[in-house]
There are 2 protein chains.
Amino acid sequence: MKKIIDAKLKEKDYRLTDQRRTILDVMLKNPGKHLSAEEVFEKARKKSPGIGIATVYRTLEKFTEIGVLYKSVFESGKFRYEIYNSEIHHHHHIICLNCGKITEVQDDLLNDLERRIEMQGFKIIDHELKFYGYCPNCK
Amino acid sequence: MKKIIDAKLKEKDYRLTDQRRTILDVMLKNPGKHLSAEEVFEKARKKSPGIGIATVYRTLEKFTEIGVLYKSVFESGKFRYEIYNSEIHHHHHIICLNCGKITEVQDDLLNDLERRIEMQGFKIIDHELKFYGYCPNCK
DNA sequence: CCGATATTGATAATCATTATCATTTATATG
DNA sequence: CATATAAATGATAATGATTATCAATATCGG
Ligand SMILES: [Mn+2]
Ligand SMILES: [Mn+2]
Ligand SMILES: [Zn+2]
Ligand SMILES: [Zn+2]
């Protein structure tokens with residue numbers, strides 16, 4: 001994993017710094033979580049106490065750009081990030097309207113719909129699907 | 001349409017003011033568009049020159065709450081609103097990665113997937129599906 | 001080790017959205 | 001219609017997340 005990222009960084013003359021390593025570790029250690037910049041900052045500073053919040057923002061953005069992270073919005077005006085596994089198609093999310101819990105759905109099932117849209121002249125690269133409702137606990 | 005909204009407002013002791021009427025007009029006159037608060041403000045002040053931006057924010061929020069508008073995020077940290085037609089299930093969006101154009105897809109096709117998820121104990125209320133890719137012009 | 005260049009941390013700036021509050025309105029009631 | 005009361009408004013301050021700036025520092029190829 002780190003090898004791959006190392007290569008992706010090199011492609012664009014990006015350097016592998018301690019801070020970037022730390023942030024990557026944080027993300028790798030929290031699979032299935034969807035962390036905000038602030039949350040990443042809090043976790044990262046345990047390993048790299050001197051790290052600045054600006055570096056966290058910059059790194060999250062850069063990692064998203066090179067396809068290492070996936071960025072989404074669940075609640076009002078704040079981004080959340082998770083490791084992006086480009087091999088499997090991206091999963092969907094169910095957001096509980098009561099407790100806010102985010103659950104992942106591994107099924108995809110959008111291929112038919114995508115094909116239909118491409119018939120109309122579009123080229124689909126990615127999709128993002130969110131379900132809103134109630135989790136088993138809150139139902 | 002206005003009758004319905006009038007009724008929805010009354011339910012909660014909300015009042016029908018000139019400003020709210022103006023904002024509703026703006027939204028009704030822009031079907032298929034996805035307007036930001038700032039854009040609604042610019043259009044609204046042509047009919048109600050004295051209207052304040054705070055009122056626009058408040059009204060958009062209130063209309064969303066009572067189901068008159070639908071609120072979504074397309075780009076970084078900014079909400080966009082459109083008229084919400086609760087009779088037909090909500091359409092999907094295709095966002096062009098090149099020119100930013102937003103196209104609507106009327107197909108739904110998510111019922112199967114929703115049913116499958118509900119089998120696992122969830123209750124699905126709504127969904128939001130976005131496709132990212134290239135529009136016919138930019139392909 | 002050196003030099004060119006990318007990166008960092010501190011902090012100021014920006015941008016969208018919310019909160020505050022005194023003033024103005026909508027609406028129910030007599 | 002006049003009046004009381006609670007909701008709504010507009011101006012503006014405050015907030016919260018993100019981005020820009022810039023001098024100091026670190027990376028990395030040679
Ligand atoms: Mn996820
Ligand atoms: Mn739409
Ligand atoms: Zn829940
Ligand atoms: Zn386009």
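By convention in this document, chain letters (A, B, ...) are assigned in the order of the sequence lines, proteins followed by strands, and residues within each chain are numbered from 1. Treat the numbers as computed from the prediction; the structure is a model and nothing was measured. As a basis for the values below, the full set of heavy atoms in this structure was taken, side chains included, without hydrogen atoms, waters or symmetry mates.
Between B/Q19 and the phosphate of D/dG10, there is a side-chain N or O to OP1/OP2 separation shorter than 4.0 Å. Within the 4.0 Å cut-off from OP1 or OP2 of D/dT9, at least one side-chain nitrogen or oxygen of B/T17 is found. Taking only side-chain nitrogens and oxygens, B/R15 never comes nearer than 4.0 Å to OP1 or OP2 of C/dT25.
Regarding A/I23, its CD1 atom lies at a distance of 11 Å from the C1' atom of C/dT8, rounded to whole Å. In this structure, CZ of A/R80 is placed 16 Å from P of D/dG16, rounded to the nearest angstrom. One atom, CZ of B/R21, and another, C1' of D/dA8, lie 13 Å apart when rounded to the nearest Å. Between the CG atom of A/L9 and the C1' atom of D/dA26 there is a distance of 15 Å, given to the nearest Å. The interatomic distance linking B/K71 (NZ) with C/dA16 (C1') rounds to 11 Å, in whole Å. Rounded to whole angstrom, the span from the CZ atom of A/R20 across to the P atom of C/dG9 amounts to 11 Å. Distance A/F79 CZ to C/dT17 P: 11 Å, rounded to the nearest Å. Distance CG (B/L16) to C1' (C/dT24): 17 Å, rounded to an integer number of Å.
Comparing the local axis fitted to the first five base pairs of the helix from C/dC1-D/dG30 to C/dG30-D/dC1 with the one fitted to its last five gives a bend of 40°, rounded to 10°.
A/T17 is not listed as a side-chain neighbour of A/T55, based on a closest heavy-atom distance of 4.5 Å or more. Taking 4.5 Å as the limit, every side-chain heavy atom of A/E38 sits out of range of all side-chain heavy atoms of A/V56. At least one side-chain heavy atom of B/H91 sits less than 4.5 Å from a side-chain heavy atom of B/E82. Contact of the A/I51 side chain with the A/I23 side chain is registered, since non-hydrogen atoms from C-beta on lie closer than 4.5 Å. Proximity of A/T103 to A/K101: side-chain heavy atoms (C-beta onward) are separated by under 4.5 Å at one or more points. With a 4.5 Å cut-off on side-chain heavy atoms, A/L110 and A/I124 do not count as touching.
The distance from atom CZ of B/F79 to atom OG of B/S72, rounded to the nearest 0.5 Å, is 9.5 Å.
Taking the six-membered ring where the residue is Trp, B/H127 and B/H92 present tilted rings, their angle falling between 30° and 60°.
Around NZ of B/K123, the count of heavy atoms belonging to other residues, nucleotides or ligands within 6.0 Å does not exceed 12.
Test B/D18, B/T22, B/D25 against B/K47 for side-chain hydrogen bond (donor to acceptor under 3.5 Å, both in side chains) and you get one pass: B/D25. When each of B/R45, B/R80, B/K33 is tested with B/E39 by the rule salt bridge (Lys or Arg N to Asp or Glu O under 4.0 Å), just one qualifies, namely B/R80.
Along DNA chain C, the nucleotide nearest to B/D18 and the one nearest to A/Y14 differ in position, and the one closer to the 5' end is contacted by A/Y14.
The two residues A/N98 and A/C138 have their closest heavy-atom pair at OD1-SG, 3.2 Å.
Residues from residues 37-60 of chain A placing a heavy atom under 4.0 Å of any atom in DNA chain C, listed by number, are A/G50, A/I51, A/G52, A/A54, A/T55, A/R58.
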Review item, nucleotides 28-30 of chain C N/O atoms under 3.5 Å of protein N/O:
none

